[in-house]
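Right, one structure below, let's go through it.
FYI, side chains are in, hydrogens and waters are out, and symmetry mates aren't considered; it's all heavy atoms of this structure. Bear in mind that the values here come from a model prediction, so they are computed numbers and not experimental data.
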Amino acid sequence: MTASNYLFPILYTVFVWWFSTGVILYIVGLRSRTFKWSMLAATALLMFALAGLYVSKSDATVSGAYLAFSCALAVWAWQEIGFLLGYVTGPRREVCPDGAVGWPRAGLAFQAVLHHEIGLLALGAAVVALTWGGSNLTGLWTFLVLWVMRQSAKLNIFLGVRNLYESFLPNHLKYMHTYFSRKAMNPLFPVSIVLGTGVAWSIWQGAFAQGADLFEATSLTFVAILLSLAVLEHWFLVIPFPSEALWSWGMRSRDAASKRG
């Protein structure tokens, strides 16, 4: 096993994480008349991605790991685009009422994202079904990491963090930030960090284990670096670091749209 066997999956994951986020931010910042075409293109990509997960489920090779990982990311991208375009959010599309606290506020927040949560469960069930019984579970573990860490991020933002990144929300979803809370930290945050870091560390150990073959090392490296990036994103929620600058190029479509009126 050489260093490149680990370096290439790491570089690929970091690039796709950074680039795909910027592309999605750019797409949702375009004029509303483009939304249906963007959603149609994302849905076509989703169909190819689901097919790719099924085709690669028994391909326990390095190329199979790359295909399954990429397809799982494409499946995830569909729900991100659907949410940010406003097609898959929830039945409640209003600001949080003044004075709503505790469980009533949590209930209202859940209504705002109900359809999104159902969509995530449906996509997760599809990924499980398409990879069931296969020897290549890279796609399944990739989607699971994304789902768990996204739920953790949502809960932390709801409970309160320093950086809410409401600037990432397009204008038609600005009401969402009224369900967020701005605090230095909340009791869930350290739990999320400790558990996420611990699981990532154990996966890294598996990737570098003596008996791991090339496929296992590649697959586990994909999952480990993705989880590590998710933990880093959690840190971005509380540290005074302008992480929005990483995707400032993706926000240019909003500037252009606002100039055009």
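Val14 and Leu73 fall within a single hydrophobic cluster, where Ile, Leu, Val, Met, Phe, Trp and Tyr are joined by side-chain heavy atoms under 4.5 Å apart, directly or via other members. Ile157 and Leu195 fall into different hydrophobic clusters, where Ile, Leu, Val, Met, Phe, Trp and Tyr residues are linked whenever their side-chain heavy atoms come under 4.5 Å apart, directly or through other members.
Note on ring orientation: taking the six-membered ring where Trp is involved, the planes of Phe222 and Tyr66 are perpendicular (angle over 60°, cut-offs 30° and 60°). The aromatic rings of Trp204 and Phe208 lie tilted to each other, with the angle between the two planes from 30° to 60°. The aromatic rings of Trp76 and Phe143 stand perpendicular to each other, their planes meeting at an angle above 60°, with 30° marking the opposite boundary. Taking the six-membered ring where the residue is Trp, Trp17 and Trp247 present perpendicular rings, their angle passing 60° and hence far from 30°. Using bins of under 30°, 30° to 60° and over 60° for the plane-to-plane angle, the ring pair His116/Phe83 lands in the tilted bin.
Heavy-atom minimum distance, Leu220 versus Ile203: O-CG2, 3.4 Å. Nearest heavy-atom pair across Leu50 and Val75 is CD2-CG2, 3.9 Å.
No donor-acceptor pair under 3.5 Å is formed between the side chain of Asn136 and the backbone N or O of Ala68. Judged purely by atom type and a 3.5 angstrom limit, Arg92 has no side-chain atom pairing as donor or acceptor with the backbone of Ala112. Checked by atom type and distance alone, the side chain of Ser202 pairs as donor or acceptor with a backbone atom of Val199 at under 3.5 Å. In this structure a side-chain-to-backbone donor-acceptor pair under 3.5 Å is present from Thr178 to Cys96. Thr197 places no side-chain N or O within donor-acceptor distance of the main-chain N or O of Val194, the cut-off being under 3.5 Å. Using a distance-only test at 3.5 Å, with no hydrogens or angles considered, no donor-acceptor pair links the side chain of Asn186 to the main chain of Leu159. A donor-acceptor contact shorter than 3.5 Å links the side chain of Thr221 to the backbone of Ala217. Side-chain N or O atoms of Lys174 include one that pairs as donor or acceptor with a backbone N or O of Glu166 at under 3.5 Å. Within the 3.5 Å criterion, the main-chain N or O of Asp213 finds a donor-acceptor partner in the side chain of Glu216.
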Item to check | Residues Tyr12, Ser70; criterion side-chain contact (heavy atoms from CB on, under 4.5 Å); working and verdict | outcome: CA-CA 10 Å; Tyr12 180 75; Ser70 301; 2.6 Å; yes
Next on the checklist: What verdict does the side-chain contact (heavy atoms from CB on, under 4.5 Å) test give for Leu7 and Thr2, after you've listed the backbone C-alpha separation in whole Å, the side-chain angles of each residue and the deciding distance to 0.1 Å?
Outcome noted: CA-CA 9 Å; Leu7 181 61; Thr2 64; over 6 Å; no
Checklist entry - Is there a ring pair (Phe, Tyr, Trp, His ring centres under 6.0 Å) between Trp103 and Phe110 once you walk through the steps? => result CA-CA 10 Å; Trp103 287 110; Phe110 186 67; over 10 Å; no
Checklist entry - Are Ser58 and Ser135 close enough, and set up right, to give a side-chain hydrogen bond (donor to acceptor under 3.5 Å, both in side chains), and what steps lead you there? => result CA-CA 5 Å; Ser58 298; Ser135 55; 4.9 Å; no
Next on the checklist: Assess the residue pair Phe19 and Trp249 against the criterion (ring pair (Phe, Tyr, Trp, His ring centres under 6.0 Å)); give the C-alpha distance rounded to whole Å, side-chain angles, the decisive distance to 0.1 Å, and a yes or no.
Outcome noted: CA-CA 10 Å; Phe19 184 72; Trp249 58 275; 5.8 Å; yes
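At least one side-chain heavy atom of Ile81 sits less than 4.5 Å from a side-chain heavy atom of Met39.
The environment of NZ in Lys36 is sparse: at most 12 heavy-atom neighbours from other residues, nucleotides or ligands sit within 6.0 Å. The local environment of OH in Tyr26 is sparse, with at most 12 non-hydrogen atoms from other residues, nucleotides or ligands closer than 6.0 Å. Shown here is Trp132, whose CH2 atom has no more than 12 heavy atoms of other residues, nucleotides or ligands within 6.0 Å. Counting non-hydrogen atoms of other residues, nucleotides and ligands closer than 6.0 Å to CZ of Phe8 gives a total of 12 or fewer. Heavy-atom contacts from other residues, nucleotides or ligands closer than 6.0 Å to CH2 of Trp37 number 12 or fewer.
Taking the six-membered ring for Trp and the full ring otherwise, the centers of Phe158 and Tyr179 sit at least 6.0 Å from each other. Ring centers of Tyr165 and His177: at least 6.0 Å apart, outside the cut-off.
By the 4.0 Å N-to-carboxylate-O rule, Glu233 lies too far from Arg150 to be salt-bridged with it.
In this structure, CD on Glu80 lies 8.5 Å from CG on Leu120, to the nearest 0.5 angstrom. In this structure, Arg93 CZ and His172 NE2 are separated by 8.5 Å, a value rounded to the nearest 0.5 Å.
Applying the ring-ring contact (aromatic ring centres under 6.0 Å, His included) criterion to Tyr175, with sequence neighbours excluded, gives no partner residue.
The closest side-chain donor-acceptor pair between Arg105 and Ser181 falls under 3.5 angstrom.
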